[in-house]
Amino acid sequence: MGVFVYLPLVLPLTALPMARLAEQHLHPRSATRLLAVTGSTLALCSTLCLALLMVVGTAQLPGNPLPDGWSDPEVRAAVPYEEKAGLIAIGVLGAVLAACGSTLLRHTRARIRAAHALGPEAGNGASGDLTVIPSPDPFAYALPGGRGRGRGDVGQVVVSTAMMECLDPRERRALVAHERAHLTGRHHRYLLATQLAARANPFLLPLRTAVAYSTERWADEEAAYTVGSRRTVATAVGKAALFANREPGPAVLPGFAAAAGPVPRRVAALLDPEPSAGLWPPASAHLAVAAVTATVGTAASALSSLNATVTLVGILHAATPL
């Protein structure tokens, strides 16, 4: 196994330059997909290597549930550098699994609370997937679809009456289009994937932040296309952020509030020309270098984890009596 089992634990650092440059120079749709795939791959590889180290560490424990041959001195001699690290990996992997489980539980609870907050009559309005809730608190969010929602598999846009009163008709249309873009683009999946990746490897936290921003920018661009005016969407974003001064209670889902994301940057981006959706040629030399670095790092992480897996499986297979 050697050094290959450790590389995926630190190679996520190669994706950090691309996290910031992608959200600045790529179309937000491309940035979201690219960063989510990269982060998920790096997180899976690092978690796999933690699991491999855990197997080695478990073999050192008395009374372990593994076959006796796996803790044979010859097996230990074949992986001498991983003996102590393997014992540490048991605790680290347990912490990773607990953190990911906690994230999934919070995500599920938030969706359940949001669905219950709408009540059984939600979605019966004339606007179809739009539900307007009487409330003095200005808020808007997108509730992804699921079993028991009764509104198909897309989801529901939820807006308070207070938020509607803060905006003029065109700005309301922009706000609703923004939230619908979250639903149709399945942005909650990208957000959840990068949240889990950051839990699995803290080096991936900047990717989570970048994806949270790029999904908002993606929805902004879709809303601008629907409304036909980038300035109208920019005004709606600014007003929503100004009036939505507090969370509307348990119904809010992370990443779906109308005022989410760095609002001044979003407004400035909407006042600029529409970003190009093409990936080639690169928008800047720095982005090209960052993309190559992240690609090499991701490929090296995958190959290293594969090498470590094959090596450990070979060792344990040879040590296990037939």
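Just so it is clear, the model here is predicted, and its values are computed rather than measured.
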Do [X] and [Y] share a hydrophobic cluster (ILVMFWY, side-chain heavy atoms under 4.5 Å, transitive)?
X      : Y      : answer
Met18  : Leu44  : no
Val157 : Val132 : yes
Leu42  : Leu191 : yes

Could you tell me whether the side chain of Thr131 reaches within less than 4.5 Å of the side chain of Ile133, counting heavy atoms only?
->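 Yes, their side chains come closer than 4.5 Å.
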Side-chain contact, heavy-atom cut-off 4.5 Å: Val159 with Leu130?
->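 With C-beta onward as the side chain, the pair touches.
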Short question: side chain of Arg230, backbone of Ala269 - any donor-acceptor pair under 3.5 Å?
-> yes
Indicate yes or no for a side-chain donor-acceptor contact from Ser160 to the backbone of Ser135 under 3.5 Å, with no hydrogens or angles considered.
-> no
Partners meeting salt bridge (charged side-chain N to carboxylate O under 4.0 Å, His left out) with Glu171 (sequence neighbours left out) |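 Glu171 satisfies salt bridge (charged side-chain N to carboxylate O under 4.0 Å, His left out) with Lys239 once adjacent residues are dropped.
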List the steps, then state whether side chain to side chain contact (heavy atoms under 4.5 Å, CB included) holds for Arg29 with Glu221.
-> CA-CA 9 Å; Arg29 178 178 59 248; Glu221 292 297 332; over 6 Å; no
Are Gln195 and Thr103 close enough that a side-chain donor and a side-chain acceptor fall under 3.5 Å?
-> no
Side-chain donor-acceptor pair under 3.5 Å between Ser214 and Thr32, yes or no?
-> yes
Of the options Thr232, Leu175, Leu242, Val263, which is the one that meets Val237 in a side chain to side chain contact (heavy atoms under 4.5 Å, CB included)?
-> Val263
Taking everything shown except Arg106 itself, do over 12 heavy atoms lie less than 6.0 Å from its CZ?
->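 For Arg106, atom CZ is crowded (more than 12 foreign heavy atoms under 6.0 Å).
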Output yes when Glu23 and Arg265 qualify as a salt bridge under the 4.0 Å nitrogen-oxygen rule, no when they do not.
->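 Here Glu23 pairs with Arg265 in a salt bridge, since their nearest N and O are under 4.0 Å apart.
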Is there any salt bridge (Lys or Arg N to Asp or Glu O under 4.0 Å) pair reaching into residues 304-314, and which pairs are they, with sequence neighbours excluded?
->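 The answer is none; no pair qualifies.
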Sequence neighbours excluded, the answer for side-chain hydrogen bond (donor to acceptor under 3.5 Å, both in side chains) partners of Asp220 is His178, Arg266
